[in-house]
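Here's the structure, in structure tokens; my notes come after.
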Amino acid sequence: MRHVILDCDPGIDDALAIFTLLAERDVEILGMCATVGNVPVDTGYHNLRNLAALCGRSDIPVFRGAQLPLVRPYAFDPLVHGEDGLGGVALPESDVPHEVEHAAVATCRLVREAPGNVTWIATGPLTNVALALRLDPTIGEKIDRLVVMGGSTARGNVTPAAEFNVWVDAEAWRVALSSGIRFTMVGLNVTHQVACTLEDYAEIKRMRGKVGQATNRMLSYYEAVYRREGWGEAKLHDVVAVLEAVQPGICGTVPCRVDVETASPLGYGQTLVNDRAAREEANCDVAMAVDAGAVRRRMLSAIASF
Ligand code: RIB
Ligand code: CA
């Protein structure tokens with residue numbers, strides 16, 4: 001049984017990643033945390049509660065995390081995921097009592113209390129991750145892997161240099177990369193290879209379950225934004241990271257030295273990936289390939305299972 005903590009910023013592709021994760025049978029989800037990112041943290045927290053409830057998993061505790069990045073200011077941009085973060089798709093309201101612990105505090109407690117080692121998955125900015133590592137650096141001893149959607153071995157998607165999750169909080173990436181935890185980076189260089197096909201969209205449209213119907217409406221919004229902006233197919237960024245965490249090897253990874261730019265105004269948030277670093281200098285397993293078909297098939301079967 002794999003013990004998992006998810007930190008995310010739902011967000012439409014986060015929502016698809018959550019559906020994929022919650023359908024996994026050999027996974028015990030210790031908790032899910034919302035961070036500032038695609039949407040303000042209160043919106044992400046609200047969405048996360050309702051996404052869990054939609055999947056019939058209100059048993060999973062949900063925690064609210066950082067309001068702001070560690071150092072930089074935060075500016076919400078609804079361009080990609082909409083004002084509510086889910087493309088205007090209203091979900092039934094969860095009636096689960098609210099957790100009072102901050103996500104960083106809860107993460108440290110959940111890791112300490114976990115019966116075994118923990119796989120930590122992050123599909124948003126790493127602000128909560130960095131705060132938890134600063135609150136209790138010893139949690140790293142019980143973390144098998146920190147699998148992160150973020151960065152890129154090539155260009156970014158917010159600036160030519162920076163991918164969004166790093167761009168929001170590059171200092172948090174620096175904290176996580178230097179923590180000594182086994183860090184797996186699933187960047188744009190692989191997630192840009194993963195998008196639904198026309199057949200996938202048709203299969204989702206035929207789904208009659210609540211999760212499938214919500215997916216159909218969120219994806220329609222998301223795909224229209226990508227088309228309008230001229231970005232090509234709607235990318236399933238966060239789904240790739242979740243599946244690499246629960247099905248190691250769905251991505252091909254290479255040990256690299258990764259550094260993140262935090263000082264340059266133009267280069268802020270760039271992940272500089274050295275795949276020729278000496279092994280003792282490597283601090284990150286970087287995804288360089290992905291089985292896109294396996295990702296799509298696993299996501300579709302997960303969504304259909306609810
Ligand atoms: O750059 C893509 C990443 O930023 C994804 O995690 C998406 O949800 C946004 O958070
Ligand atoms: Ca995300």
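Whatever order the structure lists them in is the order used to number ligands and atoms, beginning at 1. Being a predicted model, the structure only gives us computed values, none of them experimental.
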message = For Asp144 and Thr119, which I'm curious about, is there any donor-acceptor pair between the side chains at under 3.5 Å?
response = no
note = Contact region, Asp14 to ligand 1, non-hydrogen atoms below 4.0 Å, reads side chain
query = What atoms of ligand 1 come closer than 4.0 angstrom to any heavy atom of Asp13?
reply = 5 (C), 6 (O), 7 (C), 8 (O)
query = Closest N/O/S atom of Asp238 to the Ca ion (ligand 2), by atom name?
reply = OD2
ask   = When Val242 is tested against each of Leu16, Leu21, Val186 for side-chain contact (heavy atoms from CB on, under 4.5 Å), which residue passes?
value = Leu21
inquiry  = Below a 4.0 angstrom heavy-atom separation, can you tell me which part of Asp9, side chain or backbone, both or neither, approaches ligand 1?
reply    = side chain
Exercise: do Asp14 and Asn38 side chains pair donor with acceptor under 3.5 Å = yes
inquiry  = If you round to 10 degrees, what value do you get for the angle at the Ca ion (ligand 2) between Thr123 atom O and Asp9 atom OD1?
reply    = 90°
message = Below 30° counts as parallel, above 60° as perpendicular, anything between as tilted: where do the rings of Phe164 and Trp167 land?
response = tilted
ask   = Should you measure from each heavy atom of Met149, which atoms of ligand 1 turn up under 4.0 Å away?
value = 2 (C), 3 (C), 5 (C), 6 (O)
query = Is Arg145 close enough and on-axis enough to Phe183, meaning under 6.0 Å and within 45°, for cation-pi?
reply = no
ask   = Which atoms of ligand 1 sit under 4.0 Å from any heavy atom of Phe164?
value = 1 (O), 4 (O), 9 (C), 10 (O)
query = Would you say Glu163 and ligand 1 have an N/O pair spaced under 3.5 Å apart?
reply = yes
